[in-house]
Amino acid sequence: MASFDQKLAMAKRCSHEGVIAGAKAAVLATIATAIPTVASARMVPWAKAHLNHTAQALIVSTVAGAAYFIVADKTILKTARRNSFNDTQK
């Protein structure tokens, strides 16, 4: 039973690391996307005519969501792989 508890604790730690890494990536992606999106919507004539506030928010939130899920997934898989290799060496 201790083995199950250890595995459960390890899974929680892996997912927590993924959430933290994903959140950091989402914040960075939001900043990196929002600045050029808002700037182009104010300066570029085509963007000014076609990108209202909803479209700008959709662009920024899509990039942030994608960054979150990609980085969280990669971090969880990396941590799980590292832990599985550690288990085989014992």
Side-chain angles (χ1 to χ4, degrees):
M1 200 58 151
S3 175
F4 177 74
D5 291 337
Q6 287 176 344
K7 288 181 182 179
L8 185 62
M10 188 77 66
K12 285 183 180 181
R13 190 174 57 81
C14 289
S15 62
H16 181 71
E17 287 180 22
V19 167
I20 297 298
K24 288 179 182 179
V27 168
L28 185 64
T30 299
I31 294 168
T33 307
I35 294 170
T37 301
V38 171
S40 65
R42 291 178 188 245
M43 290 186 244
V44 177
W46 180 89
K48 187 183 283 190
H50 292 92
L51 295 179
N52 60 12
H53 296 295
T54 305
Q56 294 172 35
L58 182 63
I59 291 168
V60 172
S61 63
T62 300
V63 171
Y68 174 82
F69 285 111
I70 291 169
V71 172
D73 184 51
K74 286 183 176 280
T75 303
I76 291 170
L77 290 175
K78 180 180 74 171
T79 308
R81 190 176 303 116
R82 185 180 64 224
N83 292 332
S84 70
F85 287 143
N86 288 343
D87 288 344
T88 59
Q89 292 174 357
K90 290 181 180 178

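Basis for what follows: all heavy atoms, side chains included, without hydrogens, waters or symmetry-related copies. Since we're looking at a predicted model, the values are computed, not measured.
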*Scan for ring pair (Phe, Tyr, Trp, His ring centres under 6.0 Å) pairs involving residues 24-44, sequence neighbours excluded, and state none if there are none.*
none
*How would you list all residue pairs meeting ring pair (Phe, Tyr, Trp, His ring centres under 6.0 Å) that involve residues 19-42, not counting sequence neighbours?*
none
*Only pairs at least two apart or in different chains count here, so list each side chain to side chain donor-acceptor pair (under 3.5 Å) that has a residue in residues 46-75.*
W46-H50
_Can you give me the closest heavy-atom contact between C14 and A80, atom names plus distance?_
SG-N, 4.1 Å
Quick one: side chains of residues 17-37, donor-acceptor pairs under 3.5 Å with protein atoms, not counting sequence neighbours, listed by atom name and distance.
from, atom 1, to, atom 2, distance (Å)
E17, OE1, T79, OG1, 3.3
E17, OE2, R13, NH1, 2.8
T30, OG1, A26, O, 2.7
T33, OG1, A29, O, 2.7
T37, OG1, T33, O, 2.7

*Hydrophobic side-chain clustering at under 4.5 Å (ILVMFWY, transitive links): who's grouped with I70? Put none if nobody.*
none
*Which ILVMFWY residues are connected to V71, directly or by a chain of links, through side-chain heavy atoms under 4.5 Å apart?*
none
_So which atom in A41 and which in A47 form the shortest heavy-atom distance, rounded to 0.1 Å?_
CA-CB, 3.9 Å
